[in-house]
Structures are given as structure tokens and as C-alpha cells.
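See structure below.
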Amino acid sequence: MRYWLMKSEPSEVSIDDAWSAPKRTVAWTGVRNYQARNFMRDTMQVGDGVLFYHSSCAEPGIVGLAEVASTAYPDHTQFEPDSHYYDPKATQETPRWMMVDVRIKKKTRLLSLAEMRTMPELSGMVLLQRGSRLSITPVTADEWNFICKQLA
DNA sequence: GCCAACGTTGGC
DNA sequence: GCCAACGTTGGC
């Protein structure tokens with residue numbers, strides 16, 4: 001059982017979008033970074049805990065709790081020429097980009113990035129490290145438990 | 001819109 | 001393999 005923080009731009013897929021999706025589940029399309037892809041492909045398991053994070057918006061921060069709902073499979077948007085996420089070097093035979101399904105379990109209050117930065121318990125979070133831009137980052141059990149307490 | 005930080009590309 | 005140039009992320 002592992003834990004993750006996954007960023008989504010609310011203008012693309014917000015927590016409300018995911019909440020109202022069938023089975024409260026969305027396919028995590030659009031990851032185009034190898035490290036983030038490798039986390040999904042190599043390390044994520046069904047049932048892993050997910051902190052749903054809003055990025056590139058007025059109030060960035062954690063807005064919900066979710067879980068990994070599938071193993072990794074090819075992200076179909078890489079094959080779609082009209083998609084913003086199209087990758088001409090990817091083929092059906094040798095897909096380059098993978099994704100998992102994510103199921104929302106609970107909408108929470110906003111735990112903002114600014115607030116997280118004030119919490120010593122979270123100072124080691126990958127998310128908060130200088131220059132960290134990864135859209136999917138691992139979260140320790142201690143960080144997960146502490147954050148769940150803040151959100152309760 | 002700015003810009004720091006990081007990732008990718010491609011010539012050599 | 002090096003590294004300069006360019007592109008992207010994402011907070012502010």
C-alpha cells in the first residue's frame with residue numbers, strides 16, 4: 001500500500017468533475033513526463049491512496065482523497081492527432097505514455113499549498129521541495145496520516 | 001505576465 | 001556524451 005499526490009488542473013479535470021463522473025472515476029490522461037509515467041507503470045497498485053491536488057489555479061492545494069482504481073494502460077490521447085496530448089512518436093504497437101484510473105473517495109476542505117508550507121510535519125514532502133514540478137509524487141505514510149487528520 | 005527550475009532536443 | 005537552446009510547469 002503506497003500513497004501518492006496527483007496534480008490536476010481544475011480547468012481540465014476538477015475534483016467536482018471527477019466526483020460527478022461515472023463511478024466517480026476518471027482516467028488520468030495527459031501525463032507526459034517519464035518519471036511520473038514510471039510511477040504509474042511500475043509502482044502504483046490498485047487501492048493505493050491518492051491526494052487529489054488542484055494546480056495552476058487561484059488556490060492550489062489538496063481538495064480530495066482518492067484511490068488508484070486500475071493498473072497502468074496506454075493513454076489513448078497519445079494516438080489522437082487532434083489531442084493536445086498527441087505524440088507523433090507513439091504507436092499502438094509501442095505506446096509511450098500510460099495512465100491509471102483514479103476513483104474519488106471523498107471531497108475535502110481545501111488544504112492549500114500555502115498552509116502545507118507552514119506545517120513542519122510536511123516539510124519533507126516531495127511536492128514542497130524546491131523546484132519540484134512533478135505532477136505525480138510519492139507521499140509517505142506519515143505524511144498521508146497527518147494530512148488525513150488535517151482534513152478530517 | 002513573470003520567471004525560476006527543470007526536462008527535452010539535437011547538433012557536434 | 002556534452003551542452004546550448006528551447007519548451008514546460010506552476011506558483012506568485
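Naming convention: chains lettered A, B, ... in sequence-line order (proteins, then strands); numbering from 1 in each chain. Excluded from the calculations below are hydrogen atoms, water molecules and symmetry mates; all remaining heavy atoms, backbone and side chain alike, are included.
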Q: Determine, step by step, whether His54(A) and Ser14(A) satisfy the side-chain contact (heavy atoms from CB on, under 4.5 Å) criterion, reporting the C-alpha distance in whole Å, the side-chain angles of both residues, the deciding distance to 0.1 Å, and the verdict.
A: CA-CA 7 Å; His54(A) 278 172; Ser14(A) 71; 3.8 Å; yes

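Atom CG of Leu110(A) is separated from atom P of dG11(C) by 12 Å (rounded to the nearest Å). Between Met125(A) atom CE and dG11(C) atom P there is a gap of 13 Å when expressed in whole angstrom units. If you take CG of Asn33(A) and P of dG7(C), they are 18 Å apart, rounded to a whole angstrom. To the nearest angstrom, C1' of dT9(C) lies 12 Å from NE2 of His84(A). Between the CZ atom of Arg32(A) and the C1' atom of dG7(B) there is a distance of 15 Å, given to the nearest Å. Look at CZ on Arg37(A): it is 10 Å from P on dT8(B), rounded to the nearest Å. Following rounding to the nearest Å, Met116(A) (CE) and dG11(C) (P) show an atom-to-atom distance of 11 Å. Atom-to-atom, CG of Leu5(A) to C1' of dG10(C) comes out at 14 Å; the value is rounded to the nearest Å.
For Trp97(A) and Tyr34(A), the gap between ring centers is short of 6.0 Å.
Here dG11(C) is the nucleotide among dG10(B), dG7(B), dG11(C) with the atom lying nearest to any side-chain atom of Leu113(A).
When the shell of 6.0 Å around CZ of Arg41(A) is examined, it contains more than 12 heavy atoms from other residues, nucleotides or ligands.
Between Trp4(A) and Phe39(A), the ring planes are tilted. Angles from 30° to 60° get that label.
Contact annotation: side chain of Arg133(A) to base of dT8(C), donor-acceptor pair present below 3.5 Å.
OP1 or OP2 of dC6(B) has not a single side-chain nitrogen or oxygen of Tyr34(A) nearer than 4.0 Å. For the OP1/OP2 pair of dT9(C) and a distance below 4.0 Å, the side-chain nitrogens and oxygens of Lys7(A) include no atom meeting the criterion.
A donor-acceptor pair shorter than 3.5 Å can be found between the side chains of Thr77(A) and Asp75(A).
The main-chain N or O of Glu9(A) is never found under 3.5 Å from a side-chain atom of Ser56(A) such that the two would form a donor-acceptor pair.
DNA chain B contains the following stems of three or more consecutive Watson-Crick or G-U pairs, with both distances under 3.5 Å: B:1-12 with C:1-12.
With sequence neighbours excluded, the residues satisfying salt bridge (Lys or Arg N to Asp or Glu O under 4.0 Å) with Asp87(A) are Arg96(A).
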